[in-house]
Amino acid sequence: MIHQHYKSIFTVWILPLVISITALSCSKMDDYKKYTASGEITYIGKVDSLEIRSGYNRVQIRGLFIADPKISSCRIYRDDRVDSITVTVKRTNGVDTLDLIIDGLSEGAHTFEVVTFDASGNRSVAATGSCNVYGERYVDGLLNRPIASGVLNESGDATITWGDFDVSGGALGTQHTYTDENDNQVSLFTPADQVSTVMAGYKSGTTFTYRTAYLPDSTCIDTLYASLQTTGVKTDITAAYIKNAGPPILAASSGGRWGIPADWTVSDDVKNADGYGGLDAGSWLPGAALSIEAGWGLPEVPNGKIYQTVTLPAGKYALEVTTGDCSDGGPQKYITVAEGVTLPDIDNTPDMALKHMGMVKFALNKLEFELTEETEVSIGVQAKLPDTGTFLKVFQVRLFSLPD
């Protein structure tokens with residue numbers, strides 16, 4: 001009887017439990033049927049190796065269809081599905097490629113989702129990617145590589161020397177086009193790590209165009225360019241007009257260290273070393289130089305001049321004077337171009353010279369001037385030096401014609 005009592009209790013409690021479990025199972029089955037009323041969800045293979053490549057107001061979308069032969073189309077959604085495009089896919093037995101250009105995109109960051117479909121409308125999970133699109137604002141900020149100098153040599157070749165340039169922004173190099181002596185248009189490309197460019201047979205008096213090319217990032221499908229610029233090269237005309245331009249400066253006569261430079265007119269006060277002066281051939285110098293010096297036993301130079309007189313046609317010119325050491329401060333030391341057969345007295349130079357500049361030591365001093373007609377001019381250096389150890393040294397003089 002005791003055993004039967006426990007059995008009755010067990011039967012009473014187990015029956016409601018079984019009924020509850022059965023009811024719960026039926027409820028979950030009904031929920032499942034609700035979500036699969038139209039059949040089980042079927043996912044198809046998604047695009048593999050998705051790559052979004054940047055461009056100028058466009059992108060390239062690339063990917064692979066590898067595993068699923070049932071793929072019949074794919075849809076590319078842009079920027080949280082504000083827009084989309086559908087592409088038909090024709091599968092083969094091998095690996096097929098998605099390769100699509102989307103144009104007309106605004107400048108800035110964009111996101112993309114690629115979803116594949118089969119003929120029944122079953123879809124894949126999305127493959128996603130993003131990239132930056134470049135546009136007018138980006139291009140407007142691009143800089144051309146600076147030109148340090150451009151010179152047409154006596155050989156007929158023009159040499160461009162490029163200035164320092166930061167290439168971390170993706171600069172590839174510079175494209176330039178010039179006219180040669182046969183009136184042909186010649187195009188060249190100079191890589192960003194190349195310091196100079198030779199334009200063979202450059203036609204004197206012409207200009208050339210140039211622009212620097214950029215690849216903004218490693219995935220970009222477009223090469224972008226800074227704005228096109230036009231300039232010219234200066235023509236070295238030193239040999240045609242300036243004699244004994246150095247280096248070294250040659251002597252017409254000498255008395256040891258000091259001499260008188262050949263082909264240069266030297267004022268009497270510069271010849272203050274026993275009748276010599278205007279040229280210093282000291283052994284400590286890298287070469288003989290044009291020189292004006294006072295002190296250390298030499299008398300003052302109140303109105304010193306060293307110059308040549310030439311007749312130049314109308315045009316733009318650059319006088320370049322390479323200096324060595326020059327005494328600091330106080331004394332007047334000028335590089336001067338003046339009309340006529342001599343340089344003006346130094347106190348009158350600021351008012352009477354066609355162009356002048358203060359001399360900077362250890363430098364390439366550049367003085368540009370323009371003549372509106374054929375003109376006789378004197379070109380040279382001048383100084384007013386007290387006898388307190390003051391001096392100037394010039395190792396080279398160059399004259400260039402500049403492009404209009």
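Each residue takes its place number in the sequence, starting with 1.
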Lys NZ or Arg CZ of Arg145 over Phe165 ring: under 6.0 Å, within 45°: no
Should Lys305 and Asp345 count as an ion pair when the cut-off is N to O under 4.0 Å? yes
Hey, are Thr342 and Tyr307 close enough side-chain-wise for a donor-acceptor pair under 3.5 Å? yes
Can you list the residues that meet the side chain to side chain contact (heavy atoms under 4.5 Å, CB included) rule with Ala363, with sequence neighbours excluded? Thr323, Val360, Asn365
Does the Arg53 side chain pair with the main chain of Thr219, one donor and one acceptor, at a distance under 3.5 Å? yes
Is there a donor-acceptor pair closer than 3.5 Å between any side-chain N or O of Gln382 and the backbone N or O of Thr336? no
Is it true that Lys234 and Glu368 make a salt bridge, defined as a side-chain N closer than 4.0 Å to a carboxylate O? no
Any cation-pi pair here, Arg91 with Phe65, using under 6.0 Å and within 45°? no
Can a donor-acceptor pair be found between the side chains of Ser187 and Thr177 at a distance below 3.5 Å? yes
Give the table of side-chain donor-acceptor pairs shorter than 3.5 Å for residues 188-200, with sequence neighbours excluded, one pair per line with atom names and distance.
| from | atom 1 | to | atom 2 | distance (Å) |
| --- | --- | --- | --- | --- |
| Thr190 | OG1 | His176 | NE2 | 2.8 |
| Thr190 | OG1 | Thr197 | OG1 | 2.6 |
| Gln194 | NE2 | Ser196 | O | 2.8 |
| Thr197 | OG1 | Trp162 | NE1 | 2.9 |

With Asn272 as partner, the option from Leu298, Asp387, Leu385 fulfilling side-chain contact (heavy atoms from CB on, under 4.5 Å) is Leu298
For the pair Glu293 and Lys393, find out whether any cationic side-chain nitrogen is under 4.0 Å from an anionic carboxylate oxygen. yes
Mark yes or no for whether Asp180, through its side chain, and Asp183, through its backbone, hold a donor-acceptor pair below 3.5 Å. yes
Check whether the side chains of Thr265 and Gln308 place a donor and an acceptor atom closer than 3.5 Å, and report yes or no. no
Residue pairs involving residues 334-383 (criterion ring pair (Phe, Tyr, Trp, His ring centres under 6.0 Å); sequence neighbours excluded): Tyr317-Phe369, Tyr334-His356
